[in-house]
Amino acid sequence: RKNIKLFKSIIFLLILLLTNSKAELTNKVIIRVGSEIITDYDITREIKYLNVLTMGSFENLDIQEAEKIAVDSLIKDKVKINALINYENIIINDKLINDQIARTTRDLGFRDEEDLKTFLVMKEYTFEEFKKKITLELRWNQLIYQFYKNQIIVNKEKIDKKLKILISKQRKREEYLI
């Protein structure tokens, strides 16, 4: 009995070792941006993300164009990540992240976050990946604001004058119901 089990195990292992597997798993490094790398997998995920942001219309692009846009987007993200490494003091609180997710949810035309999550599942993209992208953008915007906040000059008089002109132009419009 022991010999038969041993013999079956050896045959099984030989079959596994000698059989060519048709499945191939590759994840090639495509580009290196500073200390960050972009792989085939990253490009695939970015295409899914861009497809979510465009409500599915990104699928209509040919594959080379979609990949080029995804690579450009990933390069920008990697540059942001590399820059933000030096500014770990930029922390975005959960309320701001949740507010931005709610705003994005409305902008995409969903009623609530659950509808967005359902759509993300349909597009094979996770909510956590989506949240991570939003957080990166918020951190980047905060960094840019910190750099340029002293150079921002708000002229309230010009804004008020411009608003008065716009309001007066709207009043001059006449509407006819036919």
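Note that this is a predicted model, so its numbers are computed, not measured.
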Counting the benzene-type ring for Trp, do Phe119 and Phe130 have ring centres under 6.0 Å apart? no
Please determine whether residues Met122 and Leu50 belong to a single hydrophobic cluster, defined as Ile, Leu, Val, Met, Phe, Trp and Tyr linked transitively by side-chain heavy-atom distances below 4.5 Å. yes
Do Ile75 and Leu61 belong to the same hydrophobic cluster, where Ile, Leu, Val, Met, Phe, Trp and Tyr are linked whenever their side-chain heavy atoms lie under 4.5 Å apart, directly or via other members? yes
With rounding to the nearest 0.5 Å, note down the distance linking CD1 in Ile69 to CG in Leu74. 12.0 Å
The reported gap from CG in Leu120 to CD in Glu129 (rounded to nearest 0.5 angstrom) is 9.0 Å
Can you find a pair of side-chain heavy atoms, one from Asp77 and one from Glu137, that are under 4.5 Å apart? yes
Could you state whether Leu143 and Tyr148 fall into the same hydrophobic cluster, counting links through intermediate Ile, Leu, Val, Met, Phe, Trp or Tyr residues with side-chain heavy atoms under 4.5 angstrom apart? yes
Quick check: closest heavy atoms across Glu46 and Ser73, and the distance to 0.1 Å? OE2-OG, 2.5 Å
Nearest 0.5 angstrom please: Leu108 CG to Thr54 OG1, how far? 9.0 Å
If you take all heavy atoms of Glu88 and Ile91, which pair is closest and at what distance? O-CG1, 3.8 Å
Spacing of CD1 belonging to Ile97 relative to CD1 belonging to Ile134, to within rounding of 0.5 Å: 9.0 Å
Under 4.5 Å between any side-chain heavy atoms of Gln100 and Leu96, yes or no? no
From Ile47 atom CD1 to Arg45 atom CZ, the distance as rounded to the nearest 0.5 Å: 11.0 Å
For the residue pair Asp107 / Thr104, report whether a side-chain donor-acceptor contact shorter than 3.5 Å exists. no
Distance in Å, Lys76 NZ paired with Ile81 CD1, rounded so as to fall on 0.5 Å steps: 14.5 Å
Do Asn155 and Ile159 have side chains that approach each other closer than 4.5 Å (heavy atoms only, starting at C-beta)? no
Row check, Phe127 ring normal vs Lys117 NZ/CZ: under 6.0 Å, within 45°: yes
Pair Lys68 + Asp72, salt bridge at N-O below 4.0 Å: yes
Common cluster, Trp140/Phe147, ILVMFWY with side-chain heavy-atom separation under 4.5 Å: yes
Scanning both residues in full, the closest heavy-atom pair of Arg139 with Ile90 reads NE-O, 3.0 Å
Which of Ile92, Asn141, Leu84 passes side chain to side chain contact (heavy atoms under 4.5 Å, CB included) with Leu136? It is Leu84
